[in-house]
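Notes follow the structure.
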Amino acid sequence: MTETSCFCGAVTIAIQAPPKFVHDCNCSLCRNSGAAWGYFSAGEVRVIGDTSIFVRPDRELPAVAIHSCSICHATTHWALTEDYLAKEPDADRMGVNMRLFSSELLQGVEIRFPDGAGWDGQSDFGFRRPSFVASEDTAF
């Protein structure tokens with residue numbers, strides 16, 4: 001397991017392995033939370049510590065609840081909402097803010113740039129620029 005924590009150390013997140021890719025999305029939720037998401041099944045992530053939860057009010061059925069440290073307010077992860085799971089009971093995903101991890105962990109991981117700001121919420125989303133594979137010389 002690889003561990004990291006929020007800025008103050010009150011919330012610890014552990015993952016079994018780096019994600020297959022990271023989404024650095026430009027939608028208002030991702031941009032304003034300062035996150036770049038790695039995706040995992042819930043069983044692949046361990047979160048320890050108290051978090052505050054934000055569910056966006058502008059969606060009839062928000063899919064995710066954004067978690068942040070209750071002390072320093074760093075965005076740590078998202079989890080599927082209970083309402084979403086009631087509709088999609090087989091869904092097993094969560095996002096971890098990969099900006100909390102060291103850049104060494106992300107070497108060899110594809111960094112993608114979805115255009116969430118231009119996405120209609122229904123069709124496949126596009127990308128605002130080409131992806132790249134993180135290395136020592138590249139950071140996101």
Side-chain angles (χ1 to χ4, degrees):
M1 295 281 269
T2 300
E3 286 189 4
T4 195
S5 65
C6 61
F7 185 73
C8 73
V11 177
T12 301
I13 299 174
I15 56 175
Q16 295 177 0
K20 293 180 177 38
F21 60 89
V22 171
H23 271 178
D24 186 0
C25 181
N26 68 342
C27 77
S28 60
L29 184 65
C30 293
R31 189 179 64 250
N32 290 331
S33 66
W37 303 112
Y39 301 97
F40 302 89
S41 68
E44 296 175 316
V45 180
R46 186 182 72 221
V47 179
I48 299 171
D50 291 328
T51 59
S52 299
I53 299 171
F54 172 78
V55 177
R56 60 186 308 156
D58 62 337
R59 298 279 193 259
E60 185 176 325
L61 182 65
V64 301
I66 303 291
H67 290 251
S68 58
C69 172
S70 297
I71 297 170
C72 70
H73 304 288
T75 301
T76 56
H77 66 288
W78 62 255
L80 294 172
T81 63
E82 289 181 23
D83 289 342
Y84 184 83
L85 286 168
K87 179 183 166 199
E88 299 286 339
D90 294 332
D92 180 24
R93 297 187 294 256
M94 70 183 293
V96 172
N97 184 359
M98 298 311 296
R99 293 192 193 283
L100 298 176
F101 287 86
S102 69
S103 57
E104 289 83 22
L105 177 73
L106 296 178
Q107 288 184 21
V109 174
E110 182 183 12
I111 311 299
R112 299 176 182 175
F113 300 90
D115 183 16
W119 184 47
D120 64 10
Q122 311 245 339
S123 59
D124 290 341
F125 54 78
F127 293 87
R128 64 188 196 279
R129 67 184 222 204
S131 64
F132 67 85
V133 174
S135 68
E136 287 181 40
D137 302 325
T138 57
F140 76 103

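Just so it is clear, the structure is predicted and the values come from calculations on it, not from any experiment.
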Query raised in the report: When rounded to the nearest 0.5 angstrom, what distance separates CD1 in Ile66 from OG1 in Thr51?
Result: 11.0 Å
Report task. Could you check Trp78, Trp37, Tyr84 and say which one makes a side chain to side chain contact (heavy atoms under 4.5 Å, CB included) with Val64? Result -> Trp78
Query raised in the report: Once you round to the nearest 0.5 Å, how far does CG of Asn32 lie from SG of Cys27?
Result: 8.5 Å
**Report entry** Over all atoms of both residues, closest heavy-atom pair of Ala91 and Leu85
**Finding:** O-CD2, 3.6 Å
Requested in this report: Flag yes if Phe132 and Val109 sit in one hydrophobic cluster, no otherwise; membership is Ile, Leu, Val, Met, Phe, Trp, Tyr, and two members link when side-chain heavy atoms are under 4.5 Å apart.
Outcome: yes
Query raised in the report: Is the backbone N or O of Asp50 less than 3.5 Å from a side-chain atom of Ser70, with the two atoms forming a donor-acceptor pair by type?
Result: yes
**Report entry** salt bridge (charged side-chain N to carboxylate O under 4.0 Å, His left out): pairs with one or both residues in residues 51-61, sequence neighbours excluded
**Finding:** Arg56-Asp58
Query raised in the report: Is there a path from Phe101 to Val45 through hydrophobic residues (I, L, V, M, F, W, Y) whose side chains come within less than 4.5 Å of each other?
Result: yes
Requested in this report: Sorted by first residue and then second, give each ring pair (Phe, Tyr, Trp, His ring centres under 6.0 Å) pair with at least one member in residues 51-73; sequence neighbours left out.
Outcome: His67-His77
Query raised in the report: Hey, quick one: are Leu105 and Val96 part of the same hydrophobic cluster, counting side-chain heavy atoms closer than 4.5 Å, chains of contacts allowed?
Result: yes
Report summary line: Applied to residues 27-46, the salt bridge (charged side-chain N to carboxylate O under 4.0 Å, His left out) test, sequence neighbours excluded, yields Glu3-Arg46
Query raised in the report: What are the two closest non-hydrogen atoms of Cys69 and Thr76, and how far apart are they?
Result: N-CG2, 4.2 Å
Show which side-chain atoms of residues 4-19 pair as donor or acceptor with protein atoms under 3.5 Å away, not counting sequence neighbours.
{"unit_1": "Thr4", "atom_1": "OG1", "unit_2": "Leu100", "atom_2": "O", "d": "2.5"}

Query raised in the report: Taking only residues two or more places apart in sequence, or in another chain, which ones meet Val133 in a side-chain contact (heavy atoms from CB on, under 4.5 Å)?
Result: none
Query raised in the report: How close do Arg128 and Asp24 get, heavy atom to heavy atom, and via which atoms?
Result: NH1-O, 2.8 Å
Report summary line: Residue pairs passing the salt bridge (charged side-chain N to carboxylate O under 4.0 Å, His left out) test with at least one member in residues 74-91, sequence neighbours excluded, are none
Query raised in the report: Mind checking what makes ring-ring contact (aromatic ring centres under 6.0 Å, His included) contact with His23, not counting sequence neighbours?
Result: Phe21, Tyr39, Phe125
Report summary line: Applied to residues 104-121, the salt bridge (charged side-chain N to carboxylate O under 4.0 Å, His left out) test, sequence neighbours excluded, yields Glu110-Arg112
Report summary line: Correct closest heavy-atom pair for Asp92 and Ser41 would be OD2-CB, 3.2 Å
Requested in this report: For Thr75 and Gly34, indicate whether the former's side chain and the latter's backbone hold a donor-acceptor pair under 3.5 Å.
Outcome: no
